[in-house]
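Before any comments, here is the structure.
Fair warning: this is a prediction, and the values are worked out from it, not measured in the lab. Quick note: residue numbers are just sequence positions, from 1.
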Amino acid sequence: MLSGRRLDLLDPSPFDVEIDDIAQGLARVARWNGQTEGDHAFSVAEHSVIVEQICGKLEPDWPGKWRLAALLHDAPEYVIGDMISPFKAALGYDYKAFEARLEGAIHMRYGLPAELPKSVHAVIKRADRVCAFFEATKIAGFSVEEARKFFGRPPKGLTVAIKPKPAAAAQVQFLERFEALLRRVEREARA
């Protein structure tokens, strides 16, 4: 990693995870394999920030730790890239287990449980699909009907702006949101 850390991909340690590496990687990984409109690819870092914001709308009373988990929901992609769900499924259990180990190390690094409660995971997954719906219709060329088929209908009245940024700006946005959430988690732990 650019931080100088060496991450053992088969046995990742929380001690080798750095948020700067995560932000750097996610800001340079394109959603939709870069097949989107505009001058810039829509990055996983931008997607992660929006998913966290959607979680805040779906669960306004969530503590900061679950909002942080939402921001980090795709963090393993800083190492393994963004693969579409059908390809992940084709790779099978070994890939999923690999991704889960890496996600667990990331979570532990930032004080989250290695495996999230099912209820928390379900909300994050729902927010992820809502974000994908808006990405699909605003920058990936899907019709509303086609996006509903794949991602479901977003909650009534919820809309999301999708405006791809240069990688450096996406990286800064991700890091700023991470720092704000980490401060919130620390405040809540002291309360």
Side-chain donor-acceptor contacts of residues 57-66 below 3.5 Å, not counting sequence neighbours, with atom names and distances?
none

Which heavy atom of [X] sits nearest to which heavy atom of [Y], and what is that distance?
| X | Y | result |
| --- | --- | --- |
| Val79 | Leu102 | CB-CD2, 4.0 Å |
| Ala170 | Ala45 | O-CB, 4.0 Å |
| Pro154 | Val130 | CB-CG1, 4.1 Å |
| Thr36 | Phe42 | OG1-N, 4.1 Å |
| Arg126 | Pro155 | NH2-CG, 3.4 Å |

**OP:** Check the pair Val29, Tyr78 against side chain to side chain contact (heavy atoms under 4.5 Å, CB included), reporting the backbone distance first and the verdict last.
**Re:** CA-CA 7 Å; Val29 174; Tyr78 89 103; over 6 Å; no

**OP:** Determine, stepwise, if the pair Glu99 / Glu103 fulfils side chain to side chain contact (heavy atoms under 4.5 Å, CB included).
**Re:** CA-CA 6 Å; Glu99 187 177 39; Glu103 184 176 59; 5.5 Å; no

**OP:** Please step through side chain to side chain contact (heavy atoms under 4.5 Å, CB included) for the pair Phe134 and Ile139, ending with a clear verdict.
**Re:** CA-CA 8 Å; Phe134 287 109; Ile139 60 171; over 6 Å; no

Can you tell me how far apart [atom1] ([X]) and [atom2] ([Y]) are? Round to the nearest 0.5 Å.
| X | Y | atom1 | atom2 | value |
| --- | --- | --- | --- | --- |
| Cys131 | Asp74 | SG | CG | 9.5 Å |
| Glu179 | Arg183 | CD | CZ | 6.5 Å |
| Leu68 | His107 | CG | NE2 | 8.0 Å |
| Ser119 | Ile124 | OG | CD1 | 9.5 Å |
| Glu37 | Ile162 | CD | CD1 | 12.5 Å |
| Leu182 | Leu71 | CG | CG | 10.5 Å |

Original post:
Do any N or O atoms from the side chain of His40 and from the backbone of Pro164 form a donor-acceptor pair under 3.5 angstrom?
Top reply: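 Side chain of His40 to backbone of Pro164, a donor-acceptor pair under 3.5 Å: no, none is there.
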
Subject >> Flag, side chain of Arg129 to backbone of Phe150, donor-acceptor distance under 3.5 Å >> reply: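 Checking the backbone N and O of Phe150 against the side chain of Arg129, a donor-acceptor pair under 3.5 Å is found.
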
Could you pull out every donor-acceptor pair under 3.5 Å between side chains of residues 9-17 and any protein atom, sequence neighbours left out?
residue, atom, partner, partner atom, Å
Ser13, OG, Phe15, N, 3.1

**OP:** Kindly work out whether a path of hydrophobic side-chain contacts (I/L/V/M/F/W/Y, heavy atoms less than 4.5 Å apart) joins Met108 to Leu72.
**Re:**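 No, separate clusters.
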
Original post:
Do the side chains of Val172 and Ile22 join up, straight or via other hydrophobic residues, at under 4.5 Å, putting them in one cluster?
Top reply: no

Original post:
So which of Asp128, Val144, Leu158 actually passes side-chain contact (heavy atoms from CB on, under 4.5 Å) with Phe133?
Top reply: Val144

Original post:
Between Arg184 and Glu188, does at least one N-O distance fall below 4.0 Å, as a salt bridge requires?
Top reply: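 The answer is yes: the pair qualifies as a salt bridge.
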
**OP:** Please work out which of the three classes, parallel, tilted or perpendicular, describes the rings of Trp32 and Phe151, given edges at 30° and 60°.
**Re:**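 Geometry flag for Trp32 against Phe151: perpendicular rings.
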
Original post:
Are Tyr110 and Phe178 an aromatic pair by the rule of ring centers under 6.0 Å?
Top reply: yes

Original post:
Are the aromatic rings of His47 and His73 close, with centres under 6.0 Å apart?
Top reply: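 Yes, close enough.
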
Original post:
Near Glu146 CD, under 6.0 Å, is it more than 12 heavy atoms from other residues, nucleotides or ligands?
Top reply: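 Yes.
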
**OP:** Check the surroundings of atom CZ in Arg5: do more than 12 heavy atoms from other residues, nucleotides or ligands lie under 6.0 Å from it?
**Re:** yes

Pairwise side-chain contact, [X] with [Y], heavy-atom cut-off 4.5 Å (strictly under):
| X | Y | result |
| --- | --- | --- |
| Ile19 | Asp21 | no |
| Thr137 | Ser143 | no |
| Leu26 | Ser43 | no |
| Pro117 | Val120 | yes |

**OP:** Applying side chain to side chain contact (heavy atoms under 4.5 Å, CB included), name anything that partners His121, two or more places apart in sequence or on another chain.
**Re:** none

Original post:
Got a sec, which pairs hit salt bridge (Lys or Arg N to Asp or Glu O under 4.0 Å) with one end in residues 155-170, sequence neighbours left out?
Top reply: none

**OP:** Keeping to residues at least two apart or across chains, list the salt bridge (Lys or Arg N to Asp or Glu O under 4.0 Å) pairs with something in residues 130-143.
**Re:** Arg31-Glu135

**OP:** List for me each residue that meets salt bridge (charged side-chain N to carboxylate O under 4.0 Å, His left out) alongside Arg177, sequence neighbours excluded, and say none if there are none.
**Re:** Glu52

